[in-house]
Each structure stands twice: as C-alpha cells, then as structure tokens.
Number of protein chains: 2
Amino acid sequence: MSVTIKDIAKKTGFSVATVSRVLSNKTGFFSQETANAVHKAAVELGYKKNMAATELVTQTSNVIAVIVNSTKTNFSNQIITGIQKKAAEMSKRVIILYAGDHDQVAQKIALTTALERPILGILLVSVDLYPKNLLLLKSAHIPFFFISISFKDTGLNYITSDDYQIGYTATKYLINHGHRKIGLAGLGIDPSDHTGNLRFNGYQQALTENNIAFQHDWLQIGDYSYESGLTAMKSYSQTNVTAVITASDLVGIGILNQCTKLGLNVPNDLSIITIDGTNLCQLVQPPLTSITQNFFQMGYLGTNYLIAGSKKNAYTNVQLCQRSSVKTYHFKNSI
Amino acid sequence: MSVTIKDIAKKTGFSVATVSRVLSNKTGFFSQETANAVHKAAVELGYKKNMAATELVTQTSNVIAVIVNSTKTNFSNQIITGIQKKAAEMSKRVIILYAGDHDQVAQKIALTTALERPILGILLVSVDLYPKNLLLLKSAHIPFFFISISFKDTGLNYITSDDYQIGYTATKYLINHGHRKIGLAGLGIDPSDHTGNLRFNGYQQALTENNIAFQHDWLQIGDYSYESGLTAMKSYSQTNVTAVITASDLVGIGILNQCTKLGLNVPNDLSIITIDGTNLCQLVQPPLTSITQNFFQMGYLGTNYLIAGSKKNAYTNVQLCQRSSVKTYHFKNSI
DNA sequence: ATACCTTACGCAAACGTTTACAATAGATTT
DNA sequence: AAATCTATTGTAAACGTTTGCGTAAGGTAT
C-alpha cells in the first residue's frame, strides 16, 4: 500500500534496521554515504513515516494533547499559541481536543481520544473535569497539567494567575481612584468556582483594608459570560456602586452594553475594570481598563512544566492596563 | 506495563482473539456470557485500548484532523462546533491542529502531524496551503476537504459561502437604503485572494446594475484584520463614501473605531455592513448590520462531505442581519 | 445415519517500526 | 601476531491489536 521502510531497504540494499536508524537519526550508527542513499530513496519513493507503528513499539510519542473548553471566553487562543511555541522549541507536536461546554460526555470523548494512544502528556486549558473523568485521567498514568484554572486541596498541578491578587489589585486600583462603592460581577462563589472564590477574597481583603463595608448587592454572581454582564448591570442600576470589577472581558462588555441601554455612560456614570485583558478590550468603546493575564506565558510555561514533570503549581504575573473605562474621583466617594 | 487484551485473555481464560472481538463488538462472534465476562475483566483491570496498535493493523482510524489558522478572525470556533457535531453523530473523533498564521513551516508541521498516522481525513478550515504543502497533502492519498475558502480552477473541493453573492447582496442592500457611494474594505483583489476577488466582482456587478460608476478609492485593500479597518478608514475620510462593506467583522470594528477617533458617527456619518456576522457584531456599539455566514453549517456539512468522499464544491447560505450600523437615505444620495 | 449449518472460539500472521544483540571488517594497540 | 576496539550493518523479537482460517460441538435437514 503506502511506502514503508521495507521499500526503502529493498531499493537501497540495506536492511530495514539501517534504514530506520538513518531515518530516526540515530547518529553514530551509519555512515554519511548510507544516510545519503537512504534519504534519496525516501524522497524518491515519497516515504511517509507511520507514527502508529513507532508509537506502538516505543510506547511514547512526541505529541501533547491539549484539551480546551468550547470556549465561551476567548483567551484560549493565546494560551494555545504559547503552548505551540514551547512545543515547537522542544520539537513536540500538539493536537487540540474540544471538550464541549460543561458537557460530561464530550469531555469524556476528548479525554479518551487523547488517552487511547501513546501520548507525551495532556494539558487541560481551563477545563474543570467531572469527577469520573478525573479518575479516568489519573488512572492512565500519563502526565497532565492544568492551565488557567486552580483547585483547592486536590493534588492537581496547575499554572494560572494569582486570582486572589487579581481581586485585590483590581479593587485597590478602584479605591485609589476614589471609588468606595465597588461591585464584583460575573463569577461564582460556591465551592465549585475556586477562581471566583479567590477573586472575591482578594476583593474583600482590599475593601476591609480600606474600611469599606461590603454590601451584598455589590456582588452579582454569574458564569463569566456576556449574558452574566447584561443581567448583572440590571441589578447594579438599583444600587449605588460607582465602579465594577468584571470577571471576564465578556462580562465587562455585557455591563458596558447594558449601560448603554440604560442610558448610562461609562466611565462617567459607572467605571469598569475587567479581568482578562484580551483584545476585546480594545475593540469596544470606551476601551476597557483591565487586569491583563499573561495567557501566552501560561501556555508556554505550562508546557514546560508538563514536559519537565513538575509537581508544583505556578502563577503568572498580571498587568494592569489602563484604558478609558475608569473615572477618577479626586474626593473620596464617601458613603 | 499498561493492561492489554492479553491480560484480559489471561484473566478470563479466553484467547486474545475472542477478547478483541468482544471489545470491538464484532457481533455474532461471541456469546453474551463471554461478552459479560470480558467486559467485567476489562473494567476491573482498567483496560484502555491502544489505538496505535489498532491503527497499525487496520490502516485506518476514526479520527478526523482539522487544520486551522491561528485565527485572526474568530469564526473558526463555530465551524469547529459544526464539525464536532457531525463527527459525534457518526461516532468519529476529531483532533485540531494549528497551522500558525501564514507560516509555511508551522503549516507543514501541522500537516505532517496529521499525515504521519492513519487518519480518516483532513478538514482544512480557511487555510490556504503553500504549494509545497499542497503537494504533500495530495501525495498522501488521504481524503481532504476545504472549509470557508474557495479556489479557482484547482481541483480542490471546498464548502464556503458564495462570496460573489455576498458582495452583491451587501452592495444591493446599501443601494436599496439610498447609498450611492459605497466602499469595500479589508480584502485583497490579487489572484491569491480568491475570496476577495469574488466579493469584489459581486460588488461591482451590483454597482453596474444600478448605474453607479466605481471609483478606485472606494476599494481599500487589506487582510481581513482589525488593523486593515483602521487604516482603510483613514483613507475613506478623504473620500465621499457614505457606506462601506467590510470584509470581516474585525475590519468593520476597525472602521467603526477609527470613525470614533475621527469624530465621525456610525451610522449617521458613515454606514457599515460587515461580512461574517460573528458575535462581535453585537458586542460593539452600534451593533453592526451584517451578512452573516452559516459557519456552523459549513463545519457540519463539510464533515459530511469529507466522510462521504464528495468530489463537488458546496455553498452555504448567508443571511442578512439588520442591526444598527446602516442609515437609510430616503432620497438617492446622488453624485 | 449422513451431510450440512451455525455458533463460539483459538491459532497465527500481519501491520511498520525500533532496538538489543550479534556479526563483520578494518584499524589500533599491545 | 594476537588482542582489542570501532564503525557499520544485519537478524529477529517486540509492541498490541485485528482477522482469515481452522475446528469442535451441537443442531437441523435429509
């Protein structure tokens, strides 16, 4: 059928062993002449390696599987770019698997697609595995690493931003700009949303340090989606907040657009600082001030940790990008 | 090392042949009792199939490789969702490979990653292969199908929108709303951009039919990017156009934001109709009227055609979505 | 009773590689 | 001259699965 090393062996007169050694570049096992002859024959015959055979015998491969959510939010591209970069540097290949969106079955399919072949390791980009699927993953004894998600007390390793720090920094920034009534929108604080909890804790800490009493209607929970932003803003219009921290850029834009509908101006009537800092921030008017996560680096370093077999968690730095969605009050906007 | 059918065979007392037949469900070759015993043993041992072995012997697999560009534009997600849907229906798996952005090497890596293992077929999502890589693909004798891209006179099969129709429809729409000076921005008209050519032709046809003489500064070429939109608008501000058709949503938003910088109002000073109609259109203010492509269906049907081995090209329907970026002139906006 | 199916299973080859081990020839050392 | 080393190549086993072919037991038709 298709051309194999056996064909090359026949054509060149060498054994398949020699051909294999040349083709997989096991230096020191062949002469330059031999190598030339083999390579020449290979291109003439249009040889293409059959990785299935290689993976079968070596029980490893150079491909990293990346599992991503059918991305509501849009930062996965940056993470994947980082992954690709590092992978290319270490001459690894990467394949990407979509795990749907909170879809247990799709998640399992993606996982088994990865697991049922020899693979270097698995990178899980902001996917929260269902318990059953986590068991499946663990039982495979294949290295894995989570990116852009964190967990409490599980032994799982991840790289992400320091979400407590994010919550704290965003809040502090707003306070420094004279805000005292600050909302937090679009995330969850039940145990399943660890990220949400951390950000909320950082937010509360900053409030407390500045003697601001948290009011419960400042927190509008949600699922990081545009729609979360829209509905959150409806609630805020009944409150006295002057600024809100949004859990994702989409939430921020939801807030922004709901403001427009309500006849409110950003930043004059309401300030927004958003978490993520993807290019969406610069697409809307006004451009949104953001706590920008270093998604590229998450992917880059995460890949590195996966390959190195790191057993520790890591955090990437965030950066505050001032744009035009936060108003400065020179007097304290008191109670 | 990991558990194989041999282990199951040992445990159950059957031969590997029988175990294999049970596990791959070759009905008619085993009794129900046997099947139960085998399945029981399989879960007890934590058996996981080694696809490399299967693919090696069968020389096929149930995985479809999807190659995408490191997506400047953001419609790939919708296409991929469509692909996943159809694939799931036909119990195929899909893996996604990023081909970088106009990066010949990355493209080749993605291609060989797919090619060097048995695979059902390859879907190329809006990627324009370099000639060398196209040769590589063709020589592999693996089915492939292009999505969201079209070609002139090559024997390549694709599914996409009818780009001539898109150009025509958008132009006609603007004319019907009283516009006579209509720009087209963000695409190319050299031979390498076949999509751009088709849209331009449709645009010209609509102008001609309505006795409008095309002026060369109405066309601002570009590469479908946000930046293309920004620079195009700088040029338009020196012209008399009242409306522009943008080659992608990002181009549209670029135009929109440049208008803001220039102190121009959309749609009062300039109307925009954009091609693609992704969710970006609803994120900006004003929401952009669009020619919306059915990306989901492209993915869905494209997958179907790939599996069916279709040798024909196909076109999906587009839909005009009125939003708020086009102003209606009740008098003809004459020369 | 014979011939013929059917059902259920095992044997063994095959897929295309890699690699441990063995072998050869020539070069170098003693 | 013998011993040892080095460079190059070959032989064959192994990876885990699928599947054509063979076979044995039991059933059914004649």
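Here is the naming used below: chain letters follow the sequence lines, and residue numbers restart at 1 for every chain.
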For the helix from dA1(C)-dT30(D) to dT30(C)-dA1(D), what angle separates the axis at the start from the axis at the finish, each from five pairs, in steps of 10°?
40°

Return the polar atom pairs (N/O with N/O) between nucleotides 23-28 of chain C and the protein under 3.5 Å, or none.
none

Below 4.0 angstrom from OP1 or OP2 of dT18(C), is there any side-chain N or O of K26(A)?
no

Quiz question: by atom type and distance under 3.5 Å, do the side chains of Y224(B) and D193(B) form a donor-acceptor pair?
yes

In whole Å, I'd like the distance from the NZ atom of K6(B) to the P atom of dA12(C).
14 Å

Would a distance-only check, ignoring hydrogens and angles, find a side-chain to backbone donor-acceptor pair under 3.5 Å from T4(B) to K6(B)?
yes

May I have the distance from L56(A) (atom CG) to dC15(D) (atom C1'), rounded to whole angstrom?
4 Å

Tell me whether the rings of Y305(A) and F145(A) are parallel (<30°), tilted (30 to 60°) or perpendicular (>60°).
tilted

Listed partners of K40(B) passing salt bridge (Lys or Arg N to Asp or Glu O under 4.0 Å), at least two apart
E44(B)

Can I get a per-line list of side-chain donor-acceptor pairs under 3.5 Å for residues 105-112 of chain A, giving both atom names and the distance, sequence neighbours left out?
unit_1: Q107(A); atom_1: OE1; unit_2: Y130(A); atom_2: N; d: 2.9
unit_1: Q107(A); atom_1: OE1; unit_2: N133(A); atom_2: ND2; d: 2.9
unit_1: Q107(A); atom_1: NE2; unit_2: D128(A); atom_2: O; d: 3.3
unit_1: T112(A); atom_1: OG1; unit_2: K108(A); atom_2: O; d: 2.8
unit_1: T112(A); atom_1: OG1; unit_2: I109(A); atom_2: O; d: 3.1

For T58(A) and dT18(C), is the shortest distance between a side-chain N/O and OP1 or OP2 below 4.0 Å?
no

So, is Q59(A) close to the dA14(D) phosphate, meaning a side-chain N or O under 4.0 Å from OP1 or OP2?
no

If you look only at distance, which donor and acceptor atoms sit under 3.5 Å apart when one is on a side chain in residues 147-156 of chain A and the other is two or more places apart or in another chain?
unit_1: S150(A); atom_1: OG; unit_2: H194(A); atom_2: ND1; d: 3.2
unit_1: T154(A); atom_1: OG1; unit_2: L156(A); atom_2: N; d: 3.4

Taking atom P of dG16(D) as reference, at what distance in whole Å does atom CZ of R117(B) sit?
18 Å

Can you check the I8(A) CD1 to dT18(C) P distance for me, whole Å?
11 Å

Set of residues satisfying salt bridge (Lys or Arg N to Asp or Glu O under 4.0 Å) with respect to K132(B), sequence neighbours excluded
none

Scan the side chains in residues 29-37 of chain A for donor-acceptor partners under 3.5 Å anywhere in the protein, sequence neighbours excluded, and list what turns up.
unit_1: S31(A); atom_1: OG; unit_2: T34(A); atom_2: N; d: 3.3
unit_1: S31(A); atom_1: OG; unit_2: T34(A); atom_2: OG1; d: 2.7
unit_1: Q32(A); atom_1: NE2; unit_2: N36(A); atom_2: OD1; d: 3.1
unit_1: N36(A); atom_1: ND2; unit_2: Q32(A); atom_2: O; d: 3.4

Taking atom P of dT17(D) as reference, at what distance in whole Å does atom CD of E116(A) sit?
11 Å

Using the test salt bridge (Lys or Arg N to Asp or Glu O under 4.0 Å), find all partners of K49(B) that sit at least two apart in sequence or belong to another chain.
none

Tell me: CD of E55(B) to C1' of dT17(C), nearest whole Å?
14 Å

Looking at DNA chain D, which of residues 35-47 of chain A put a heavy atom within less than 4.0 Å of it?
none

Run the side-chain donor-acceptor check on residues 12-22 of chain A: report pairs under 3.5 Å with partners two or more places apart or on a different chain.
unit_1: T12(A); atom_1: OG1; unit_2: I8(A); atom_2: O; d: 2.8
unit_1: T12(A); atom_1: OG1; unit_2: A9(A); atom_2: O; d: 3.4
unit_1: T12(A); atom_1: OG1; unit_2: F14(A); atom_2: N; d: 3.4
unit_1: S15(A); atom_1: OG; unit_2: A17(A); atom_2: N; d: 3.4
unit_1: S15(A); atom_1: OG; unit_2: T18(A); atom_2: N; d: 3.3
unit_1: S15(A); atom_1: OG; unit_2: T18(A); atom_2: OG1; d: 3.4

Listing request: all side-chain hydrogen bond (donor to acceptor under 3.5 Å, both in side chains) pairs with a residue in residues 78-92 of chain A, at least two apart in sequence or in separate chains.
E89(A)-Y300(A)

N50(B) CG - dA14(D) C1' separation (whole Å):
13 Å

Interatomic spacing from CZ in F144(B) to CG in L306(B) - rounded to 0.5 Å:
10.0 Å

For the pair made of NZ in K49(B) and P in dT17(D), what is the distance, rounded to whole Å?
8 Å

Protein-proximity profile, nucleotides 4-10 of chain C, B/S/- by nucleotide at the 4.0 Å heavy-atom cutoff, equals ----SSB

